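We use all heavy atoms of the structure for the numbers below, so side chains are in, but hydrogens, waters and symmetry mates are not. In the text below, chain A, chain B and the rest are named by the order of the sequence lines, each starting its count at 1. Keep in mind the model is a prediction, meaning the values are calculated, not measured.
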There are 2 protein chains.
Amino acid sequence: MVLILDNIAKIVSLTEAEKELFLSKIETQPFKAKTILHNAGEICKHSYFVNSGLVRSFNINDNIVEHVLHFACEGWWIGDMYSLLSQKPGNLFIEVMEEAEIVLLSKENQEQLYFDIPKLERFFRILTENSLVAHQERLMDNLSLSAEERFDKFCKRYPTLIQRVPQKQIASYIGVTPEFFSKMKSRMLKK
Amino acid sequence: MVLILDNIAKIVSLTEAEKELFLSKIETQPFKAKTILHNAGEICKHSYFVNSGLVRSFNINDNIVEHVLHFACEGWWIGDMYSLLSQKPGNLFIEVMEEAEIVLLSKENQEQLYFDIPKLERFFRILTENSLVAHQERLMDNLSLSAEERFDKFCKRYPTLIQRVPQKQIASYIGVTPEFFSKMKSRMLKK
DNA sequence: ATTAGCACTTAATGTAGATTAAGAAAGTTA
DNA sequence: TAACTTTCTTAATCTACATTAAGTGCTAAT
């Protein structure tokens, strides 16, 4: 059972030959917790697909504060889209949070696959569309909802992550300080 | 000169026959200012490309406050991606701000074109990727920058819009009230 | 066992930006 | 031209969240 093929099969169906070609273009590796897969300031060469474990992307602003863009656990893709697409140095760090097995797809192989298997261009188009919609919603939520409401939405959307992710990182994802998050959480429990 | 073909030509090159097929699938219409192209609660049937004029997408939250997601002037695409992709009722309104000429591409025609002209699937994939990157950056900016810094970025990124868009809408886009925006602007001018 | 490091909590104080309200300016329609 | 609507400004007050700082408890390395 190859998780990434299941992931693709949910959107497009590949022939056996296409599956084999695809598998020949990817590489699967184990990583320890705290490994940095990609550093800000460097050019991103791969898309990452998480087979197991937990990964996050984040940036660090001038005041040395981290802001989490994205968490990815089993079955999710993650990367620095800006750097990958532009092949310029990006602002994101990508870090393994829990010991993980990760599929690497290089930019060159990805582009090659678009030519060899047009269905994969469709697959990534749809994947990107879904990601865009999620980002639009998160953006609007950040403009119009309170921190409590954003946390509620986070809990509903990513129930499994709440147990696994340190709470300071959830605070960062929803856009508040760990101190305020702690206070807010205890306030919410009282209700 | 057809603006939308130039727009496509920047990313993929179509043959004359493909251009003609594409043109046969779109519809161009004039709209007056204040026309609502798409209402929240309805299912979005079209992608919109702006030939001339100015359009915005926004939502309205429980407190009857508008939040601008996106402005689109000449050469930009706009739509309710969530509703268009899911074919479910969306949360966005799409409104013409300045008398406009707009290209309509129906969802069915768009999907048909993906089959007939795979290069267009590539075109929209790349368009969506670029949009995603822009949304990721805006999201991170909202998490880590002050209102002044967000306004500075807006000015640099969309210099032509500053003259054309009512300032209360810019305030909404960067995520502050019109009152605070007014105060902030005069404070910034003093420097 | 001891220390060091990190996640979390609590509390005092500070501030960016919201809210409310009122008036001035500017655009729109009759 | 006036009458109406909408945008913008100013100012007082309020609050959600940040900052700073100190302390608690857990894990993990020495």
Side-chain angles (χ1 to χ4, degrees), chain A residues 32-36 54 56 58 60-68 71 95-99 140-154 161-191, chain B residues 32-36 54 56 58 60-68 71 93 95-99 140-155 161-191:
Chain A
K32 286 190 188 154
K34 298 188 186 177
T35 308
I36 300 288
L54 186 55
R56 69 175 176 136
F58 64 98
I60 299 184
N61 72 1
D62 300 340
N63 312 320
I64 321 184
V65 177
E66 291 181 9
H67 290 277
V68 172
F71 297 111
E95 184 200 49
V96 176
M97 298 173 68
E98 285 173 12
E99 186 167 28
M140 295 311 261
D141 287 350
N142 281 341
L143 291 179
S144 60
L145 302 183
S146 68
E148 277 199 27
E149 290 168 321
R150 277 175 272 145
F151 179 48
D152 273 336
K153 276 201 135 183
F154 182 88
L161 286 185
I162 300 163
Q163 334 297 333
R164 288 169 73 178
V165 176
Q167 121 181 352
K168 59 179 284 195
Q169 314 250 21
I170 297 177
S172 168
Y173 183 94
I174 68 171
V176 295
T177 58
E179 293 86 356
F180 181 77
F181 187 81
S182 172
K183 194 165 64 172
M184 181 181 87
K185 213 187 55 169
S186 75
R187 186 210 306 152
M188 288 170 83
L189 280 174
K190 281 177 197 150
K191 290 176 191 166
Chain B
K32 287 189 186 154
K34 297 186 186 176
T35 310
I36 300 289
L54 185 58
R56 69 176 176 135
F58 63 99
I60 299 184
N61 73 1
D62 300 340
N63 311 319
I64 322 183
V65 177
E66 293 182 7
H67 290 277
V68 173
F71 298 112
F93 297 84
E95 183 200 48
V96 176
M97 299 173 67
E98 286 173 11
E99 187 166 27
M140 295 311 260
D141 286 350
N142 282 341
L143 291 179
S144 60
L145 302 183
S146 68
E148 277 198 26
E149 289 168 321
R150 278 176 271 145
F151 179 46
D152 274 335
K153 275 200 134 181
F154 182 88
C155 292
L161 286 186
I162 301 164
Q163 335 296 332
R164 288 168 74 178
V165 177
Q167 118 182 355
K168 60 178 285 195
Q169 314 251 21
I170 297 177
S172 169
Y173 182 94
I174 69 169
V176 295
T177 59
E179 295 85 355
F180 180 76
F181 186 82
S182 173
K183 190 167 68 171
M184 182 181 84
K185 213 187 58 171
S186 74
R187 186 210 304 151
M188 288 170 85
L189 281 173
K190 282 178 196 149
K191 292 178 189 167

Participant: Under a 4.5 Å cut-off applied to non-hydrogen side-chain atoms, are A/Ile174 and A/Lys153 in contact?
Facilitator: no
Participant: Sugar-phosphate atoms are those with a prime plus P, OP1 and OP2; base atoms are the rest. Using that split, label each nucleotide of nucleotides 11-30 of chain C B, S or - for protein heavy atoms under 4.0 Å, 5' to 3'.
Facilitator: ------BBBBB---------
Participant: Tell me the closest heavy-atom pair linking B/Pro178 and B/Lys168, and the distance in Å.
Facilitator: CB-CB, 4.0 Å
Participant: Would you indicate whether the side-chain heavy atoms of A/Phe180 and A/Lys183 approach each other to under 4.5 Å?
Facilitator: yes
Participant: Which word best sums up how the rings of B/Phe58 and B/Phe93 line up, parallel for under 30°, tilted for 30 to 60°, or perpendicular for over 60°?
Facilitator: parallel
Participant: Nearest whole angstrom, please: distance from the C1' of D/dT7 to the CE of B/Met97.
Facilitator: 12 Å
Participant: Fit a plane to each ring of B/Phe154 and B/Phe71, take the angle between them on a 0 to 90° scale, and name the class: parallel (under 30°), tilted (30 to 60°) or perpendicular (over 60°).
Facilitator: perpendicular
Participant: Separation of A/Phe151 atom CZ from D/dC17 atom C1', in whole Å?
Facilitator: 16 Å
Participant: Side-chain N or O of B/Lys185 versus OP1/OP2 of D/dC8: is the shortest distance under 4.0 Å?
Facilitator: no
Participant: Is there a side-chain contact between A/Leu54 and A/Leu161 (heavy atoms, below 4.5 Å)?
Facilitator: yes
Participant: Does A/Gln167 have a side-chain nitrogen or oxygen under 4.0 Å from the phosphate oxygens OP1 or OP2 of C/dT9?
Facilitator: yes
